[in-house]
Amino acid sequence: MANTIAATGVSCPVVLNGVGISRMWQHQGAPTLIMCSTTAKGAVELSRLVNTGCKLVGCGSAVPSLRVSNNDLAKIVDTNDEWISVRTGIRHRRVLSGKENLTDLAIEAAWKALEMADVPPEDVDLILMCSSTGDDLFGSAPVIQKALGCKRNPLAFDITAACSGFLLGLFSASCYIKAGGFKNVLVIGADAVSRFIDWTDRGSCILFGDAAGAVLVQACDIGEDGLFGFDLHSDGDGKRHLISTFKENETDDASNENHSVTSFPPKCSSYSYLQMNGKEIFKFAVRVVPQSIEAALEKAGLDGSNNFDWLLLHQANQRIIDGIATRLEVPSERVISNLANYGNTSAASIPLALDEAVQDGKVQPGHVIAAAGFGAGLTWASAIFRWG
């Protein structure tokens, strides 16, 4: 493929299913497609690419039954309600207990999103489960597909990107719809970070909770397109600041008769408790997230905070949320936050907060939302979208 740089963008001649086209990427991020030559089949494919948009038409969420307050934590670790709430903004969190599991939460959230959208499970074309703490090492999306009763066996797989996972799932959904011909895509954000927390470490145990949230993204005419712009990044150099690493459990090797190969067979393994450098994560978030949101706004053809209705950030820490809002000059009354009741729910935090805001009547159809996720990886992502 030959590329030529022009003053207005990058022109890339391509061939798509028998169609010769010239794709001009404008600075706003939206491609302009110009047909050069066609076949009948190719013309249909090109028309679909040009004319297909996608929009959010349903949402849902689910949380565990166990509610843990700051006072509850004070019984097991040296802390108190004031110390936690002043530093984080968190007062309660939900934690999986008993026979509850993360997959069931994800299924409940998905059902609610389908019901709101009035879309039956058999019409779902793709399920994306965004999670870093699933019930199965090999992913939970196919289990969700079966539980929902999707009769056509649609594709279902997991995405692991920690607290940025949901927005990467949203971006993936838009790609499958706009370029792949999918019509209904379920994007689920669900995490149970409580499984990897040292509950005697007050620096981390006070922050996290478990939850699931889901949205249904649906194909539509390009004139109704509701996903306006994305900005996606990662930086492996910062991985050390937020990590839960693989480790081998210590075992007695005395029974190993093959002393020349002491590393075989492999020992039982697990993952370490989550380790986080809170100061570095704070500095990282307040530095990169405003830049990312501004970049997504530019790609969407919007300019400044006056062109969206709500700021919806990953619910990590109220100080981070306030710091980012201040840098973007967004007043507190336009910031969505439910952190006080749920804590940091990782990939679930954005769809959980969105669902509550929709259920409460705060977010109305037609409202434009600037959202951003950030966390382990390190990863960060922003999206500008319209609800409904």
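Among the candidates N317, L207, N341, the single residue satisfying the side-chain contact (heavy atoms from CB on, under 4.5 Å) test with I90 is L207.
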With side chain to side chain contact (heavy atoms under 4.5 Å, CB included) as the test, would you mind laying out the steps for L170 and V217 before giving the verdict? CA-CA 8 Å; L170 196 62; V217 185; 3.7 Å; yes
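With hydrogens and angles disregarded, a donor-acceptor distance shorter than 3.5 Å links the side chain of D210 to the backbone of V193. K112 places a side-chain N or O within 3.5 Å of a backbone atom of S61 that can act as its donor or acceptor partner. Under a 3.5 Å cut-off, the side chain of E100 and the backbone N or O of S97 do form a donor-acceptor pair. Without hydrogens or angle criteria, D72 side chain to S69 main chain gives a donor-acceptor distance under 3.5 Å. For the pair S244 (side chain) and S272 (backbone), a donor-acceptor distance under 3.5 Å is present. Panel note: side chain N184, backbone D123; a donor-acceptor pair is recorded below 3.5 Å. Side chain of S349 to main chain of Q315: a donor-acceptor pair is present (N/O by atom type, distance under 3.5 Å, no hydrogens or angles). Within the 3.5 Å criterion, the main-chain N or O of V368 finds a donor-acceptor partner in the side chain of D309. Formation of a donor-acceptor pair under 3.5 Å by the R94 side chain with backbone atoms of P64 is found in this model.
When all heavy atoms of A190 and A212 are compared, the pair lying nearest together is CB-CB, 3.7 Å.
A370 pairs by the side chain to side chain contact (heavy atoms under 4.5 Å, CB included) definition with I293, F308, L311, I384, not counting sequence neighbours. Not a single salt bridge (charged side-chain N to carboxylate O under 4.0 Å, His left out) links D221 to another residue, sequence neighbours left out. Take C220 and apply the side chain to side chain contact (heavy atoms under 4.5 Å, CB included) test, not counting sequence neighbours, and it matches K55, E224. In this view, R386 satisfies the salt bridge (charged side-chain N to carboxylate O under 4.0 Å, His left out) rule with no residue, not counting sequence neighbours. Take T326 and apply the side chain to side chain contact (heavy atoms under 4.5 Å, CB included) test, not counting sequence neighbours, and it matches no residue.
V63 and M116 fall into different hydrophobic clusters, defined by Ile, Leu, Val, Met, Phe, Trp and Tyr side-chain heavy atoms under 4.5 Å apart, directly or through other members.
Residue pairs that meet the ring pair (Phe, Tyr, Trp, His ring centres under 6.0 Å) test with at least one member in residues 276-297, sequence neighbours left out, are F284-W380. Evaluation of the ring pair (Phe, Tyr, Trp, His ring centres under 6.0 Å) test over residues 313-339, restricted to residues two or more places apart or in two chains, returns H314-F374. Residue pairs satisfying the salt bridge (charged side-chain N to carboxylate O under 4.0 Å, His left out) criterion with at least one member in residues 315-331, sequence neighbours excluded, are absent. Applying the side chain to side chain donor-acceptor pair (under 3.5 Å) test to pairs two or more places apart or on separate chains, those with a residue in residues 164-174 are S164-T379. For the salt bridge (charged side-chain N to carboxylate O under 4.0 Å, His left out) condition, no pair includes a residue of residues 334-358, sequence neighbours left out. Applying the salt bridge (charged side-chain N to carboxylate O under 4.0 Å, His left out) test to every pair with at least one member in residues 181-199, sequence neighbours left out, gives these pairs: D135-R195.
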Using distance only, find each side-chain donor-acceptor pair of residues 155-162 under 3.5 Å and give its atom names and separation, not counting sequence neighbours.
{"unit_1": "D158", "atom_1": "OD1", "unit_2": "S140", "atom_2": "N", "d": "3.0"}
{"unit_1": "D158", "atom_1": "OD1", "unit_2": "A141", "atom_2": "N", "d": "2.9"}
{"unit_1": "D158", "atom_1": "OD2", "unit_2": "S140", "atom_2": "N", "d": "3.1"}
{"unit_1": "T160", "atom_1": "OG1", "unit_2": "S131", "atom_2": "O", "d": "3.3"}

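Heavy atoms from other residues, nucleotides or ligands lying under 6.0 Å from CG of D118 number 12 at most.
The pair E280-K283 meets the salt-bridge criterion, since a charged nitrogen lies less than 4.0 angstrom from a carboxylate oxygen.
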